[in-house]
Amino acid sequence: MTRRTGQWLVGLVVLGLALRVVAWGFKGGFHYPDEIFQQLEPAHYLRTGIGWLPWEFDRGLRPWIMPWIYTGLMEALSWVGVVGHQALRAVNLHNALWTAAMIPAGFRIGRALGHGAPGDEHGERAGLLTAALTAAWPILLYFSPHALMGTPSMVCLSFGYANWLEARLGGEGAQRAGFGMGLWFGLAGMVRFTSGLHMLLPLAEMFVARRWKPIGAMALGALPGIGLLALVDAVTWGRPFHSAIEHFTYNYIEGKASHHGTSPWEFYLVDTIIARLGPLAPISALLVLLGGRRSWPAILTAAAPTILLSTVPHKEERFLMHSWPMWVASISMGLWRLERLIKKGAQRRTDDDKDSASPAAATSGLAKAAPWVTAAVALAVVGSCVYGASQMKWRWRAGLFEAQAWVGAQPDATGLLFDDRQHLNGGHLTLNKAIPQIKNSPKWWRHPLFNYAALKDDDPHVARLTRARWEVVQRFEGITVLRRPERKKPRKNP
Amino acid sequence: MTQQSSPESALTPALPSLWKSLPSGARKGTLVCAALYGAVLVVGMLAVALGDPNPSSPALAAAQAPTTGRDLATVRHGARVQVSSYHPRGQHHAIFAIDGLSKPSDRLEKWTSAPDDPNPWIEVQLAGAVDIERIELALAGVKEHARYTMDRYSVVCFSEAGDEVHRAQFKDNTAAVAKHALPCPGTQRVRVTFGTTPKGTPKAVARLYEVVLLGKSQSAEARP
């Protein structure tokens, strides 16, 4: 790699870090309750003994690996006084910064795809374009500051893809790349089992191409992730791979995933990909096609799970987040190809205008325009994706999270009533107090413990509580916090 | 799909190349930071693994002075409660045991211990020293089937200095509200430890709706 390319890459990493901090700044609440109740609330429970764990932890559908990592992180944060909602924000920032590691992975992906092309023999131009888009792609920025299992899994998958594409190139580095592929895919699968669907195409390609030595190295590389999962499950659930077995049984043998809701077959294509690409989605699609035969590994790797998951009735946008690194690579390869086509056009003009009075000037102008045209198109598709990403829920339940944190900090709080269901809030991690917090109901209004309520602004109970002399003490995004006045006489036992 | 071989020698992975392009000082700094990050995580996890969180309910900033003859173990009288464990499924907080309601309206209003807690205990920490005369435990039978009523438990009273004042063992209890004389003068903490049965049986976890401590306060002021 040239020194100049290295400097560009470092610059893109810095840009990516800055953009991820910005994304974190805009973020509030959660993308989906799982990031609290499958990851951080269990971590909080391990550390403090208090927490509300969902049904998956009854049956053992979840490994305890990530909760343990998060509990270590939150314990360390507590040493410097960062607890509760602040700890949640810090963990999200931590994850956002870690996803910047996908930028050098994106560089390696693009470099491997573009490697050997005339004029870009080492693929560095393709690598830089992929790194740039990985740094700035709005959907990747959206998913970065989250404790979803998919976020660290996406980072691991990116490195797995990079190693796979390097292994495809053969040479002395193929075995080492195979080992790296196994290591990162193993870790990705350990963190989130369904990321296995996103490995299908690379694994199949390795076997069809009969790259036996890299495959052997890959199997070896996968052992740490697989071994860690087996060990942690054996210790926590009493059986190696218990969580993976139960996950498979529940979803695919018992078929209970659809109990959580179903969506039409076109959901992923229309609502998750096209909508997020924004108004210039057709331009992005053209770029993907323009990438041509060089980027088919990226295209098929992204498309395969999209097609497979479209056949499963239960669909969620986050199930497809792992596809975005390869969609981004596909789009960047299209940009790379566009730039090369413009330069090729400039070269043809030179050949045609040999006898022209100023052939050099014409060639120079068009060739110089190529990177600017590429940059303009890149900015346009990124800008279009900004619109698509802006339609996502950046601050779902953010008001309630802040209300919980505020109530937990009140010295007189002994119980909290909130709107909606038990899993649609920031958990005991955010409340950070050993008091009950439950769904609001008038039957609890006179209970001695429940002296705070956090309800939606337009909840009719707000007016009823106000009439019952509860006092509005705070407001957050769409949430009104009320406090019951102090009782002068103790309530008689019924 | 055929294996492609490049006429060039081995492709150098990007990360080492990026790594090599960093100044040596930056590389050393990165290694130190990475080692520190890993050490912090590991130490954090170890601290949690070796610790034994016994969560406590909060202390109220302003509490009313307890009245002789009434329940001394209530939140409004400045009492706190600490437990060996919480059940992670459900909002059965220990603070329900000192909410002042021994006749609950809902099964939610109880403390439930964790399934993997073989010797669950709950400790009421009073605002100040009191002379306890009686203890009443509202057990599962007040709201649920009698088979869940804990039948074996011990009660220990501690002074403000931490000395054991009195100990009593109870077994074969069948009463939904178990009432016992408890001569505990100068007591600031009372711990009830339950005997559980194997996992999957009705008494595998402790269920307690209320702890009532009757006696008289030694001090007119509540501890803040």
Side-chain angles (χ1 to χ4, degrees), chain A residues 1 3 6-7 9-10 45-53 55 57-58 68-69 71-76 104 107-108 111-112 115-116 127 162 166 168-173 176-177 180 205 208-211 411-415 422 433-438 443 447-449 490-491 493-494, chain B residues 1-15 17-18 20-22 40-49 51-62 64 70 74-76 83-86 88-96 99-103 105-106 108-109 114:
Chain A
M1 188 170 74
R3 190 178 180 81
Q7 288 169 343
L9 190 52
V10 170
Y45 180 74
L46 287 171
R47 205 174 74 78
T48 66
I50 302 169
W52 180 82
L53 303 188
W55 62 271
F57 286 89
D58 271 346
W68 267 106
I69 291 173
T71 206
L73 182 60
M74 290 198 287
E75 176 71 8
F107 172 82
R108 290 169 63 182
R111 185 178 63 173
H115 187 268
E166 288 166 1
R168 290 184 68 243
L169 294 175
E172 292 173 14
R176 183 167 57 174
E205 195 271 345
V208 169
R210 288 178 286 183
R211 301 195 183 93
D412 63 343
T414 52
Q422 192 66 50
K433 201 165 209 168
I435 59 175
Q437 50 175 0
I438 62 171
K443 72 185 242 184
H447 191 283
L449 287 184
R491 175 188 162 198
N493 206 32
Chain B
M1 295 184 242
T2 57
Q3 184 163 347
Q4 300 177 31
S5 59
S6 167
E8 292 89 359
S9 58
L11 180 73
T12 306
L15 201 54
S17 298
L18 174 67
K20 284 179 185 170
S21 72
L22 287 173
V40 164
L41 271 189
V42 168
V43 171
M45 285 191 273
L46 276 174
V48 172
D52 187 15
N54 299 130
S56 283
S57 64
L60 279 190
Q64 301 167 8
R70 304 294 292 271
T74 62
V75 177
R76 66 175 178 275
V83 293
S84 56
S85 65
Y86 271 80
R89 298 276 295 125
Q91 293 279 345
H92 302 301
H93 278 248
I95 199 173
F96 280 118
D99 62 7
L101 302 176
S102 51
K103 290 181 187 175
S105 61
D106 195 286
L108 176 75
E109 301 171 59

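Note on naming: letters A, B, ... go to the chains in the order of the sequence lines (proteins, then strands), and numbering restarts at 1 for each one.
- Distance check: Arg211(A) CZ to Glu205(A) CD gives 4.0 Å after rounding to the nearest 0.5 Å.
- Neither the backbone nor the side chain of Ala177(A) comes within less than 4.5 Å of any heavy atom of chain B.
- Counting only distance, with no hydrogens or angles, the side chain of Gln422(A) and the backbone of Gln437(A) share a donor-acceptor pair below 3.5 Å.
- The contact between Thr48(A) and chain B is made entirely by backbone atoms, counting heavy-atom distances below 4.5 Å.
- Options Gly51(B), Gly44(B), Pro88(B) differ in how many heavy-atom pairs under 4.5 Å they form with chain A, and the most are formed by Pro88(B).
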Determine, step by step, whether Val48(B) and Met74(A) satisfy the side chain to side chain contact (heavy atoms under 4.5 Å, CB included) criterion, reporting the C-alpha distance in whole Å, the side-chain angles of both residues, the deciding distance to 0.1 Å, and the verdict. CA-CA 10 Å; Val48(B) 172; Met74(A) 290 198 287; over 6 Å; no
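- In this structure, Tyr45(A) contributes its side chain and Tyr86(B) its backbone to a donor-acceptor pair below 3.5 Å.
- Heavy-atom distances place the side chain of Leu449(A), and not its backbone, under 4.5 Å from chain B.
- Interface residue Ile435(A): backbone and side-chain heavy atoms are both found under 4.5 Å from chain B.
- Panel note: side chain Arg108(A), backbone Gly127(A); no donor-acceptor pair is recorded below 3.5 Å.
- Of the residues considered (Ala94(B), Ala114(B), Ala49(B), Ser84(B)), Ala49(B) shows the highest number of contacts with chain A, using heavy-atom pairs under 4.5 Å.
- Counting heavy-atom pairs closer than 4.5 Å to chain B, the top residue among Ile69(A), Ile438(A), Asp58(A) is Asp58(A).
- Note that CD of Gln91(B) and CD1 of Ile50(A) are 10.5 Å apart. Values are rounded to the nearest 0.5 Å.
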Walk me through it: do Thr414(A) and Ile95(B) pass the test side chain to side chain contact (heavy atoms under 4.5 Å, CB included)? CA-CA 8 Å; Thr414(A) 52; Ile95(B) 199 173; 4.3 Å; yes
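- In terms of non-hydrogen atom pairs under 4.5 Å with chain B, the most contact-rich of Ala434(A), Pro436(A), Gly49(A), Gly415(A) is Pro436(A).
- Leu108(B) touches chain A through its side chain: at least one heavy atom from C-beta onward sits under 4.5 Å away, while N, CA, C and O do not.
- No part of Thr74(B) comes within reach of chain A, as not one of its non-hydrogen atoms sits under 4.5 angstrom from that chain.
- Lys443(A) NZ to Asp106(B) CG: the interatomic distance, rounded to the nearest 0.5 Å, is 3.5 Å.
- Between chain A and the residues Pro58(B), Ser57(B), Ser105(B), the largest count of heavy-atom pairs under 4.5 Å involves Pro58(B).
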